[in-house]
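Lettering follows sequence order; numbering is per chain, from 1. None of the values given here were measured: they were computed from a predicted structure.
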There are 2 protein chains.
Amino acid sequence: MLTKRRAALLGLVVDEYIDTATPVSSRALAARHGLGVSTATIRSELARLEDEGYIAQPHTSAGRVPLDRGYRLYVEEIMAEEPVGLNEQRTIAHQFHQAEPRLDDWLGLAATLLAGSVTNIAVIARPQGQDVRLRHVQLVELTADSVLVVAVLEDGRVLQRIASLGQPVDQDALAVLARRLSARLVGSDAAAGRVLAEELAGDEQRIALATAELLDESHQAGETYVEGLRAALEQPEFSSVQRMLEAVRHLQAYELLHTLPDPQQIGRGATRVVIGHENGSPWLQDWSMVVSAFGDRDGAVGTIAVLGPTRMRYGYTIPRVRYVAALISSLLERMHR
Amino acid sequence: MLTKRRAALLGLVVDEYIDTATPVSSRALAARHGLGVSTATIRSELARLEDEGYIAQPHTSAGRVPLDRGYRLYVEEIMAEEPVGLNEQRTIAHQFHQAEPRLDDWLGLAATLLAGSVTNIAVIARPQGQDVRLRHVQLVELTADSVLVVAVLEDGRVLQRIASLGQPVDQDALAVLARRLSARLVGSDAAAGRVLAEELAGDEQRIALATAELLDESHQAGETYVEGLRAALEQPEFSSVQRMLEAVRHLQAYELLHTLPDPQQIGRGATRVVIGHENGSPWLQDWSMVVSAFGDRDGAVGTIAVLGPTRMRYGYTIPRVRYVAALISSLLERMHR
DNA sequence: TCTAGCACTCTCGGGTGGCGAGTGCTAACC
DNA sequence: GGTTAGCACTCGCCACCCGAGAGTGCTAGA
């Protein structure tokens, strides 16, 4: 059974360790926080916490270090969140309102701001293979023999692709074709585009195919934004070349993408913390993730996460991830409206 | 005076050092390359090369390491280039032809391919503040009260921006406005766009302003593509945490941008090698750069560079940088045609 | 139940010595 | 004069040892 005192003590150990990155001794705890008991008492309590699997000592004559289980309890029951202050909120929101109203720009900006704010790695992803539907197609004459296909997707992205033609087309024919494409393809996906292309021929077919490819691309793209590598690497956990190289090796967009939880399972507004071994990948054994999802009222469309050593300022990071996710969601809704 | 034999010896020292990353001893030289002389002779020649400032020894009982001056001579007179094989050319060119015909995509791809090929950092930049002119404007109706402004630039980029309107516009009015914008703005820049906006009012003004902003953006963007950090960091020069952190700290896009030479001064088809202290920045003292420029027949529009430790495979890197730059130039020309 | 005291364990940093790699120098040789 | 063999010398690297310090667990007593 975990007494109240031991839980509080665990909280102090985690706080202290997050702060100093060195094993926490009974003396340090007694000195920094005026607990009414002696170091000997603290030691016996620490021993109990160790028995229960919350903390451990790296070697006999060292202080205590939190284990994943300790962090888990800390995150769920003990820690105090440090809410995002009004000023901070304003500073962040301001930057978004100054940026281009484009999802891609927003996500890049969000990654940068978030990484800077929590001095860890921020990962933002639109998941792959998601069902993205077409909201709008337009054809723009570029040169005599090429046409720009512009597709607006339901999630607000605008994609474009150049289709080169066999022969010149006139503006009117394009307008007709655009209407036809819209009529058939709005609300559907690449497969429908390819079916339609089959029915057409010549340049019309090319354009329809380009549209289908555009929709394909929207699937696969799943652009991932990763920022904050530098800040993360400055932390003491990477003070050896091997650890550092290993981190740099694994922190590739495509690898991260597969380790992020599915945004659908998290739900908008919620945050989830994944600690150490709870991550599937072996290389993430001593990393933690704070994950949230963003999207418009139709559901979650992407994941926003902060990645860092398990020794992470959870109480500080979690509200900030949540805030940025909520901000993007609200921007998305405003854009769609 | 540098005799022929000493020059050849310098070449061997550099080759060997590039290969092994450890100071080169007289014995190693005698063993690997069947020079017809003994190690004692080699030693005395090495001593002369040291007097002349081409090489140095890190400490008394160590072999020789090339100095910047040694690399310089090596690059200019001694080294043998390793040309890009036909197969390699085909593999690379193939990937470009498969990619979207979009400058941004090409540059990203080029950075990735180049970095992989030379296992160092590839930096590709379109320089900022360059005079980009408009080739084409089109307006696309998105929703009742928003219009997508699509601008095609002379360098082949397609930019877009959403302008929201005060009241619904009909397709015909848009077409008229698009023609007017084109008539006035093709071949000119953001300033002209703003002048035109002054003459208009209401939604027309908004759209003209959006167009001007688009042209502004094209100036500032100066997108920089940096790839290959991981591969570079695996090299032995970064075997200490400080060196590694320093590298990661400085390798930020905006910082690199300012250290790249002006593409105009290099000229298309040419390559320039900047070795160690020849770089302005103090942190680049033991880095080298192989730089080339790309562009269409109207001139150079961007820089393509490989960045790595001074101990770099120059003979291998230079032809590859040149090849990729030429490839992009030819793709650009084909696109503009 | 808490505390003071104490023996014990383990890391970390500094100092030492031997080893090996390479060099420069010198004297002899072609 | 250029080349070579031999040798003394220098210096970095590494393994090893040792002492100091930090921190613990245990025990006996309040």
Side-chain angles (χ1 to χ4, degrees), chain A residues 1-10 12-14 16-17 19-67 70 236-237 239-241, chain B residues 1-10 12-13 16-17 19-67 70 236-237 239-241 243:
Chain A
M1 237 289 303
L2 190 69
T3 65
K4 213 162 178 181
R5 187 170 77 174
R6 271 209 292 288
L9 201 56
L10 175 59
L12 293 180
V13 170
V14 177
E16 190 75 13
Y17 184 67
D19 198 34
T20 63
T22 46
V24 183
S25 71
S26 54
R27 175 144 37 88
L29 289 172
R32 286 236 204 167
H33 319 271
L35 304 154
V37 291
S38 77
T39 58
T41 309
I42 298 177
R43 276 204 292 281
S44 81
E45 291 288 60
L46 291 177
R48 301 283 304 267
L49 282 169
E50 183 160 3
D51 290 342
E52 287 159 347
Y54 294 112
I55 57 180
Q57 26 185 182
H59 58 86
T60 327
S61 74
R64 257 63 175 219
V65 161
L67 295 179
E237 356 282 302
S239 57
S240 93
V241 180
Chain B
M1 236 291 300
L2 190 70
T3 65
K4 213 163 177 180
R5 187 171 75 172
R6 270 208 291 289
L9 201 55
L10 175 59
L12 293 181
V13 170
E16 190 74 12
Y17 184 67
D19 198 32
T20 64
T22 46
V24 183
S25 72
S26 54
R27 176 147 35 90
L29 289 171
R32 288 239 204 164
H33 319 270
L35 303 153
V37 292
S38 77
T39 59
T41 309
I42 297 176
R43 277 203 292 280
S44 80
E45 291 287 61
L46 290 178
R48 302 282 306 266
L49 282 169
E50 183 159 1
D51 291 341
E52 287 159 347
Y54 295 112
I55 57 180
Q57 26 186 353
H59 58 87
T60 329
S61 73
R64 259 56 177 225
V65 161
L67 294 178
E237 357 282 302
S239 57
S240 91
V241 180
R243 309 283 267 114

Margin query: If the cut-off is 4.0 Å, is A:Arg27 near the phosphate of D:dG23, judged by side-chain N/O to OP1 or OP2?
Written below: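 So the side-chain polar atoms of A:Arg27 do come within 4.0 Å of the phosphate oxygens OP1 or OP2 of D:dG23, strictly under.
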message: Can you see if the side chain of A:Gln57 gets near the phosphate of D:dG25 - specifically, an N or O under 4.0 Å from OP1 or OP2?
response: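 Affirmative; the distance criterion is met.
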**Request:** Quick one: closest heavy-atom pair of B:Tyr17 and B:Pro23, and the distance?
**Result:**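 Result for this residue pair: CE1-N, 4.1 Å.
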* Can you see which heavy atom on B:Gly70 is nearest to which on B:Leu10, and at what distance? =>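 Heavy-atom minimum between the residues: O-CD2, 4.0 Å.
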Atom [atom1] of [X] and atom [atom2] of [N]: how far apart are they, to the nearest Å?
| X | N | atom1 | atom2 | result |
| --- | --- | --- | --- | --- |
| B:Tyr17 | C:dG22 | OH | C1' | 16 Å |
| A:Leu49 | D:dG25 | CG | C1' | 16 Å |
| A:Leu46 | C:dT3 | CG | P | 14 Å |
| A:Ile55 | D:dG23 | CD1 | P | 14 Å |
| A:Glu50 | D:dC26 | CD | P | 11 Å |

Report yes if some heavy atom in the side chain of B:Glu52 is under 4.5 Å from a heavy atom in the side chain of B:Leu2; otherwise report no.
yes
State, with a plain yes or no, whether a side-chain heavy atom of A:Arg5 is found less than 4.5 Å away from one of A:Val37.
yes
One should read off an interatomic distance between B:Leu29 CG and B:Leu9 CG, to the nearest 0.5 angstrom, of 6.0 Å
Counting primed atoms, P, OP1 and OP2 as sugar-phosphate and everything else as base, the B/S/- map of nucleotides 2-16 of chain D against protein heavy atoms under 4.0 Å is -SBBB---BBS----
With sequence neighbours left out, the residues meeting side chain to side chain donor-acceptor pair (under 3.5 Å) with A:Glu237 are A:Arg311
query = Checking B:Thr20 side chain against B:Glu16 main chain: does a donor-acceptor pair fall under 3.5 Å?
reply =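 Such a contact is found between B:Thr20 side chain and B:Glu16 backbone.
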So, the side chain of B:Glu45 versus the backbone of B:Arg6: is there a donor-acceptor pair under 3.5 Å, distance only?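 Not at all, since once roles are kept as given, no pair shorter than 3.5 Å links the two residues.
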So which protein nitrogen or oxygen atoms get under 3.5 Å of nucleotides 15-17 of chain C's nitrogens or oxygens?
none

